[in-house]
Amino acid sequence: MAKPLTIYNSLSRGKEVFEPLIPGKTGLYVCGPTVYSNAHLGHARPAVTFDLLYRYLLHLGYKVRYVRNITDVGHLEDEIEESGEDKIVKKARLEQLEPMEVVQKYLNTFHRNMAQLNTLPPCIEPRASAHIIEQQLLIKRILENGFAYEVNGSVYFDVEKYNTRYRYGILSGRNLEEMVANTRNLEGQEEKKNPFDFALWKKASPGHIMQWPSEWGMGFPGWHLECSAMSMKYLGEVFDIHGGGMDLQFPHHECEIAQSTAASGHSSVRYWMHNNMITINGQKMARSLGNFITLDELFSGNHPLLDSAYSPMTIRFFILQAHYRSTLDFSNEALQSAGKGLERLMKAAALLPKLTASATSTVDIGALEENCREAINDDLNSPILIAHLFDGVRIINQVSEGLASVSAEDLDKLKSIFHTWLFDILGLREENNPAGNSETIRQLVELTLKIRMDAKAKKDWTTSDYIRSELARIGISVKDKKEGCEWEMD
RNA sequence: GGUUCCUUGGCCGAGUGGUUAGGUAGCGGUCUGCAAAACCGCGUACGGCGGUUCGAUUCCGCCAGGAACCUCCA
């Protein structure tokens with residue numbers, strides 16, 4: 001009896017069997033990016049993590065609605081500042097662009113990067129700016145229920161009041177009393193009853209570009225509201241999975257819970273999932289820390305910290321080789337070894353169609369499939385899953401070298417395992433050099449190698465080695481086999 | 001200061017109260033004209049000090065070092 005999918009629920013701090021609210025269907029909401037600059041390595045982590053989850057849920061046969069928001073309204077950059085400018089507005093002035101032009105520019109890049117990483121697009125990608133009315137309606141519900149108050153054109157969430165009926169801090173394990181004791185008083189918060197109250201609607205200063213009319217005056221929605229409003233709209237007042245980075249657990253997700261609960265009277269998310277951070281020199285990679293490397297820089301190798309370029313699939317594999325709840329440390333050495341490992345995996349996969357079946361098997365394929373399933377069912381343990389696939393790699397290579405044999409049935413099974421787990425679920429794919437597909441180049445290389453084989457036949461090692469090293473110089477590696485040779489382009 | 005968490009072989013990174021993680025790098029071997037690839041073999045890692053236990057890397061305590069959150073953040 002196979003164990004079912006279990007996932008770690010941040011809310012209970014333990015693994016739980018995943019059972020959707022509605023049999024056969026499930027909803028997944030993931031916090032997307034704030035599009036005010038290029039996506040960096042850190043953004044790839046949740047994208048790949050929840051892509052893996054999405055792919056696996058689809059594989060299990062669920063009808064999945066996957067929602068990932070785009071924050072294009074911008075959160076307040078710094079409440080202490082009088083102007084209270086938001087990030088997107090600030091960037092817009094810097095670049096002399098319309099705010100929506102900035103949004104579109106970085107959104108386009110984000111989409112391209114996500115496609116390069118072979119992440120499946122979400123079913124719905126709602127934008128905060130397109131859901132101002134929904135956010136205002138949610139504020140009204142919270143006000144009607146008495147958990148918010150209006151001051152001078154802004155609306156704040158009343159955390160203390162909320163905490164009398166519900167509990168503020170259930171997700172992040174905080175309690176309000178401790179928070180009160182430890183909160184320092186920041187300036188510019190005179191409007192709030194308590195420093196930990198947060199804005200649902202913020203009055204716009206005169207120079208603020210992004211603002212909308214509301215019954216409280218011109219303003220813009222608070223930091224945390226869009227996710228509550230949009231998840232509710234597209235997934236319902238109760239839905240299965242909400243994902244995001246660990247750094248969003250507090251205050252963002254805590255506030256989301258409070259908002260949704262204050263409006264509807266009950267909690268909305270059944271399973272909270274949080275991916276850990278990517279670190280660099282032991283420290284979190286973050287835009288605000290200035291220690292980030294963008295995905296485009298990684299793909300091109302154009303960054304002082306990079307020894308070489310790393311392909312999108314190398315990045316994806318690098319991320320999948322660590323469990324999503326562990327920190328993952330960036331280094332050139334780690335990325336290079338990931339690239340090598342991936343190459344080995346993909347080469348074995350490419351060998352699969354060329355294998356011939358024997359009457360009997362000398363290897364055990366049966367356990368492999370079950371091992372893969374067991375690994376991923378255990379809170380998406382992709383590193384273990386990958387380790388099992390490397391068992392398959394050894395088998396494939398042994399069969400290819402005539403050191404082991406597989407029956408036709410086992411060979412089919414092996415093919416199906418790689419197809420399902422490597423390509424469909426881990427979402428890895430071949431990265432062909434486009435030039436390698438050119439028929440002209442193929443024929444030129446074949447011709448050159450034919451000349452080399454003639455030289456080899458005459459034991460003219462000088463010519464044969466010259467051709468091989470020159471081909472290597474232009475990126476074509478040649479491997480001699482017992483009969484003939486193989487070649488490939490980098 | 002508060003809350004939570006981490007410390008595994010050169011590097012990345014799983015996992016477990018007693019039995020091989022895996023990748024990569026390194027070493028030895030097979031194969032090969034050589035090289036590469038592949039295959040076979042190898043290293044006896046679990047921060048320190050105590051405790052529980054027949055037995056702890058795995059549980060508990062203390063110490064050291066590091067991280068995340070407490071402000072925007074994936």
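Keep in mind it's a predicted model, so treat the numbers as computed, not measured. All chains are named by letter (A, B, ...) in the order of the sequence lines, taking the proteins before the strands, and each is independently numbered beginning at 1.
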Can you check the distance between [N] and [M], where both ends of the measurement are the [atom1] atom (answer in whole Å)?
| N | M | atom1 | answer |
| --- | --- | --- | --- |
| A14(B) | U58(B) | C1' | 13 Å |
| G13(B) | U3(B) | C1' | 28 Å |
| G22(B) | C60(B) | C1' | 31 Å |
| A25(B) | G66(B) | P | 32 Å |
| C62(B) | G23(B) | C1' | 36 Å |
| G9(B) | G43(B) | C1' | 8 Å |
| A67(B) | A37(B) | C1' | 41 Å |
| A64(B) | C49(B) | P | 15 Å |

What does [X] touch in the nucleic acid at a heavy-atom separation under 4.0 angstrom: a base, only the sugar-phosphate, or nothing?
| X | result |
| --- | --- |
| Leu335(A) | nothing |
| Met277(A) | base |
| Val478(A) | base |
| Thr49(A) | nothing |
| Asp329(A) | sugar-phosphate |
| Ser288(A) | base |
| Ser326(A) | sugar-phosphate |
| Gly282(A) | sugar-phosphate |
| Asn397(A) | sugar-phosphate |
| Asn175(A) | nothing |

Protein-nucleotide distance ([X], atom [atom1]; [N], atom [atom2]), rounded to Å:
| X | N | atom1 | atom2 | value |
| --- | --- | --- | --- | --- |
| Glu470(A) | A35(B) | CD | C1' | 15 Å |
| Tyr310(A) | C12(B) | OH | C1' | 12 Å |
| Leu389(A) | A14(B) | CG | C1' | 14 Å |
| Lys284(A) | C70(B) | NZ | C1' | 12 Å |
| Phe330(A) | G13(B) | CZ | P | 12 Å |
| Phe110(A) | A74(B) | CZ | P | 10 Å |
| Glu488(A) | A38(B) | CD | C1' | 13 Å |
| His252(A) | A68(B) | NE2 | C1' | 17 Å |

Anything under 30° is parallel, anything over 60° is perpendicular, the rest tilted; go ahead and classify [X] against [Y].
| X | Y | answer |
| --- | --- | --- |
| His253(A) | His274(A) | tilted |
| Tyr166(A) | Tyr162(A) | tilted |
| His224(A) | Phe198(A) | perpendicular |

Side-chain donor-acceptor pairs of residues 467-479 of chain A under 3.5 Å, sequence neighbours excluded:
from      : atom 1 : to        : atom 2 : distance (Å)
Ser469(A) : OG     : Asp465(A) : O      : 3.2
Ser469(A) : OG     : Tyr466(A) : O      : 3.1
Glu470(A) : OE1    : Arg473(A) : NE     : 3.2
Glu470(A) : OE1    : Arg473(A) : NH2    : 3.0
Lys479(A) : NZ     : Glu488(A) : OE2    : 3.3

Can you name the one residue among Tyr54(A), Tyr56(A), Phe239(A), Tyr234(A) that meets ring-ring contact (aromatic ring centres under 6.0 Å, His included) with Tyr66(A)?
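Single pass found, and it is Tyr54(A).
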
Would you mind telling me which residue lines up with the more 5' stretch of RNA chain B, Thr462(A) or Cys31(A), judged by nearest nucleotide?
Thr462(A)

Return the 5'-most residue of the pair Val393(A), Ala322(A) with respect to RNA chain B, ranking by each residue's nearest nucleotide.
Ala322(A)

Among [options], find the nucleotide with the atom closest to the side chain of [X].
| X | options | result |
| --- | --- | --- |
| Pro46(A) | C34(B), A74(B), G33(B) | A74(B) |
| Leu328(A) | G33(B), C12(B), G15(B) | C12(B) |
| Trp461(A) | G33(B), C12(B), C73(B) | G33(B) |
| Asn275(A) | A38(B), C70(B), A74(B) | A74(B) |
| Arg174(A) | U4(B), G2(B), C73(B) | G2(B) |
| Gln283(A) | C12(B), A67(B), A74(B) | A67(B) |

List the steps, then state whether salt bridge (Lys or Arg N to Asp or Glu O under 4.0 Å) holds for Lys450(A) with Glu446(A).
CA-CA 6 Å; Lys450(A) 193 157 177 286; Glu446(A) 296 287 346; over 6 Å; no

Main-chain N/O of Tyr324(A) paired with Asn275(A) side-chain donor or acceptor, under 3.5 Å
no

Short side-chain to backbone donor-acceptor contact, Asn69(A) and Pro126(A), under 3.5 Å:
no

Measure distances between side-chain N and O atoms of Arg468(A) and base N and O atoms of A35(B), and say whether any donor-acceptor pair falls under 3.5 Å.
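Counting by modelled atom types and ignoring angles, a donor-acceptor contact under 3.5 Å is found here.
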
Cut-off 3.5 Å, no hydrogens considered: what does the side-chain donor-acceptor table look like for residues 333-343 of chain A, sequence neighbours left out?
from      : atom 1 : to        : atom 2 : distance (Å)
Gln336(A) : NE2    : Tyr310(A) : OH     : 3.3
Ser337(A) : OG     : Glu333(A) : O      : 3.4
Ser337(A) : OG     : Ala334(A) : O      : 3.0

Using both pair distances under 3.5 Å as the test, note the stems of at least 3 consecutive Watson-Crick or G-U pairs that include RNA chain B.
B:1-7 with B:64-70, B:10-12 with B:22-24, B:26-30 with B:38-42, B:47-51 with B:59-63

Could you pull out all donor-acceptor pairs under 3.5 Å where a side-chain atom in residues 381-402 of chain A meets a protein atom, sequence neighbours excluded?
from      : atom 1 : to        : atom 2 : distance (Å)
Asn381(A) : OD1    : Ile384(A) : N      : 3.3
Ser382(A) : OG     : Leu320(A) : O      : 2.7
Asn397(A) : ND2    : Val393(A) : O      : 3.4

Taking side chain to side chain donor-acceptor pair (under 3.5 Å) as the definition, give me every residue that meets it alongside Ser331(A), ordered by chain and number, with sequence neighbours left out.
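Residues passing side chain to side chain donor-acceptor pair (under 3.5 Å) with Ser331(A): none at all.
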
How far apart are the closest heavy atoms of Gln135(A) and Pro221(A), and which atoms are they?
OE1-CB, 3.2 Å

Any Gln398(A) side-chain N or O less than 4.0 Å from OP1/OP2 of C40(B)
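So the side chain of Gln398(A) is within the cut-off, an N or O lying under 4.0 Å from OP1 or OP2 of C40(B).
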
Is there a side-chain contact between Asp72(A) and Met100(A) in this structure, where contact means two heavy atoms from C-beta onward sitting under 4.5 Å apart?
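Contact flag for Asp72(A)/Met100(A) side chains = yes.
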
For nucleotides 18-28 of chain B, just jot down a letter per nucleotide in 5' to 3' order: B, S or -, based on protein non-hydrogen atoms under 4.0 Å.
---BSBSS---

